Amino acid sequence: MADHNTPTPGGNRPPNKMMLSRTFVLLIVCGVAAFIVLLGQLYQIQIRKHDLYEAAAIEQQVRETALDSGRGTIYDRNHKILAMSATVDTIYISPAEIIMYQEDPVLISKTLSQILGVEYARIMEMTSDTKSWYKTVARKVEQDVSDRVREFKNEYNLKGVKIETDSKRYYPYSSLASHVVGFVGFENNGLAGVELSMNSQLTGTAGRVVRAKNAYGTDMLYTKYEDFYDAEDGYNVTLTIDTTVQYYLEKNLRQAVEDYGVRNGAAAIAMDVNTGELLGLVSLDNFDSNHYQSVSEKVQAQIEETEDETVRSTLLSNAQHNQWHNKAVEDMYEPGSTFKPITIAMALEEGVVTKDSQFYCGGVFAVPGDTDEGRHCWKRAGHGMQTLQQSLQHSCNVALIQIAQLVGAEKFYEYVDAFGFNSKTGIELSGEAGSLWWSDSVFLDPYNQTQLAAASFGQTFNITPLQLVRAMSCVVNGGYLMQPYLVKEVTDAAGNTITKNEPTVVRQVLSEETSATMREMLESVVGDMVEGTGKNAYVAGYRVGGKTGTSTNTVKEASTGQKEYIVSFIGVAPANDPKICILVLLDNPDANCGTAVSGGAMGAPTVGNMMSDILPYLGVEADYSDHDLKTMDRSVPNLVNLSVAQAQQILKAQNLSSRVIGQGDTVTMQLPSPNLTVAAQSQVVLFAGGEPSEELEEVPDLSYLTYDVARQRLGYLALFISSENNYISNPARAVITKQSIEPGTMVEHGTVIKVSMTTNDESTNART
């Protein structure tokens, strides 16, 4: 009988105790290992990648919509709005919902295309992306247009058409001060001007609407699944710019560009000399901030002449950047003779010269380091012996070299730094340029004084227009270098002041005595009708001082070999108590425009015209000299129904003559009509029972005639003349450069022809 405990050959042995123990241990080890792996995964998900998965969950469960904050308003100094925001709409579609709710994509695309002016094919392409919940069709849509979309949406109860509130930037003055104000992009972020430099203050903080969404991706129906986070509006910015001053600068600068055929743009800056506030800043050509990507029709026509689309795109981009470029802030240039007052002010302050110091000019002056005969004056024959004041009036290079030598290179270099020419002004605009000066080791070389000689009359170094305006303001305001600024105040929506800028004195560079002497000398440059190179800036009734400048664009000449000039004039007024400093730059005027390419012939009358408009606006009262009252244009009085004798007496008192037609005793008609402005000594035609001829008169060519001769010639034809600019202090020498009515035009008797003038003499025409 077999033993049941003895295993049979080939049979299954039951597991013994050891095997069971090992199996149990192995299961525990595997379990622990699996748990460790699981724990690691949980650690990755719950701890290390918590934010990632939480964001993914939130993305699945909620929809977030941004709420634009109200961008702050930009004001001028008188609280006129330069930039503001208004509510508009963004129109978008949800292709996923169009499919989900079985809406007609063709109907939607066709209707939105008609309302919004967007291509039908483009919208249809958007609807085909059925996984997308958001496709923008049009942004910044005006209210009347979005109302039509809303009517369409409601008519068909469309879930896939969406309207979202947005904001749009508006610039009420369009192109006025566009380089100062700047513009914003589609995301309402500043891209230029103050919109860029003050973007963080203007922007504010965006709000949000967070809504829960269901498994289909649509919004939950109940408000308890919705949270609002209010937007915080941006701050308002008040500028120092005065829109009226800005307008006068732009108007007269634009006229100068047209009259003189200026090809490379122009710039003008007006600063309050006592505070450093910028009252106006111009860089032509301007652009409309509302349509900042648009270029002029002339430029657009030139671009469209090119067939290659890539080339057209490049030309358009270049044209846009050219018009956005702020010449008044971002460019450096050689100041030329407008720097000469700085050199003379140094010498006066150091006591090495007086107003009556004498300097001889023989036309050329050699300095250590010159490789040729020396430095030439613009007047090759020389000015002979002259006083310090006459040296400035004549804009004599030779005298300025001698004056700089008396100052010495080391002191000269110190004053350059003191006047702020080695540092940026810090104006609140991006892209401000600096300056290019010699290193001190080169400038102070005692064996080579050519740098000092060139610097004395503003050549072979580069500064910015704003640096020069600041320095000239220092020269005339008592010697105080002011910190220029453009932002007057930043306030919140409630009107509370956040920050406020006040006039800041950087340093005192000159004494009150030196400044007073400089004011007298600068006034003589304009007011002396014989000696002054700046006489074309004269304004009847006002004391204007200033300095002409004509410099070469050395960078352009070095790169192309072409000689181009930048003509300029810097003026201050009233000269006895300055309130404003104006600098004008005209880059590359046309030599064939009929006016000499010089600061005296082009820059001076431009600044004079600006001063004539701006000074009365600023409340500066005119104080006419006897000479002004005798020579300036005047308004024709109303003489109708007066006796002929009375009319003649009134005209004589106003320095107007008369001619009587008819045998009556009473004036029945007059030419020109009452209140029109005409030249002094014009002959007013009085009709005493007679009638003027109905025949038309042909306008003669007045080019290069003096104001007096033109007045007389027109008088024979019963036509009249008046000045578009202010230089009429010497009608016998003022030469006409432009007339408002073209020669050969047939006009009625009594027509007044406006003319522009310049003094056609050696000093004003000289490139100095």
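Along the sequence shown, residues are numbered consecutively beginning with 1. Note that the coordinates shown come from a computational prediction; the quantities given were computed from them, not determined experimentally.
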- Message: Ignoring hydrogens and geometry beyond distance, is a side-chain donor-acceptor pair present between Asp242 and Tyr617 at under 3.5 Å?
- Response: yes
- Query: Got a donor-acceptor contact below 3.5 angstrom from the Glu432 side chain to the Thr425 backbone?
  - Reply: yes
- Note: Leu585 and Ser568 closest approach over all heavy atoms is CD2-CB, 3.5 Å
- Distance-only side-chain donor-acceptor flag, Tyr413 / Asn422, under 3.5 Å: no
- Query: Looking at Phe359, Trp378, Tyr360, which one forms a ring-ring contact (aromatic ring centres under 6.0 Å, His included) with His383?
  - Reply: Trp378
- Sequence neighbours excluded, which residues qualify as side chain to side chain donor-acceptor pair (under 3.5 Å) partners of Glu350? Tyr415
- Query: Do Thr533 and Lys547 have side-chain heavy atoms sitting under 4.5 Å apart?
  - Reply: yes
- Message: Tell me if the aromatic rings of Phe461 and Phe339 count as close, with their centers under 6.0 Å from one another.
- Response: yes
- Rounded to the nearest 0.5 Å, the CG atom of Leu466 sits from the CG atom of Leu278 at a distance of 6.0 Å
- Note on the structure: Output for pair (Ile614 CD1, Leu279 CG), nearest 0.5 Å, gives 8.0 Å
- Between Ser473 and Val469, is there a donor-acceptor pair closer than 3.5 Å when you use the side chain of the first and the backbone of the second? yes
- Query: Do side-chain atoms of Glu410 reach the backbone of Leu444 as a donor and acceptor pair under 3.5 angstrom?
  - Reply: no
- Any side-chain heavy-atom pair of Phe365 and Val367 under 4.5 Å: yes
- Item | Basic-acidic side-chain contact under 4.0 Å: Glu520, Lys355 | yes
- Task: Verify the distance criterion only: is there a donor paired with an acceptor across the side chains of Asp628 and Ser625 at less than 3.5 Å?
- Result: yes
- Query: Any donor-acceptor pair under 3.5 Å linking the side chain of Thr548 with the backbone of Gly599?
  - Reply: no
- State whether the side chain of Glu373 and the backbone N or O of Ala366 hold a donor-acceptor pair below 3.5 Å, judged by distance alone. no
- Message: Keeping Glu428 on the side-chain end and Val487 on the backbone end, is there a donor-acceptor pair under 3.5 Å?
- Response: yes
- Enclosure of Asp285 CG (heavy-atom neighbours >12, cutoff 6.0 Å): no
- Query: Is the side chain of Glu523 donor-acceptor paired with the backbone N or O of Val572 at a distance under 3.5 Å, no angle test?
  - Reply: no
- So, Ser395 and Ser337: side-chain donor and acceptor under 3.5 Å apart, yes or no? yes
- Message: Working to the nearest 0.5 angstrom, can you tell me the gap between Met472 CE and Leu522 CG?
- Response: 5.5 Å
- Do you know which two heavy atoms are closest between Pro605 and Tyr260, and how far apart they sit? CG-OH, 3.8 Å
- Note on the structure: On a heavy-atom basis, the closest approach of Cys474 and Asn477 is O-OD1, 3.1 Å
- Message: With heavy-atom distances below 4.5 Å as the criterion, would you say the side chains of Leu284 and Asn286 are in contact?
- Response: yes
- Task: Compute whether any side-chain donor of one residue and acceptor of the other, for Glu349 and Ser511, lie under 3.5 angstrom apart.
- Result: yes
- Task: Search all heavy atoms of Ser723 against all heavy atoms of Tyr707 and return the closest pair with its distance.
- Result: N-OH, 3.2 Å
- Task: Establish, from distance only, whether the side-chain atoms of Ser524 and Gln393 form a donor-acceptor pair under 3.5 Å.
- Result: yes
- Query: Quick check: does any side chain N or O of Thr275 sit under 3.5 Å from a backbone N or O of Pro503, one acting as donor and the other as acceptor?
  - Reply: no
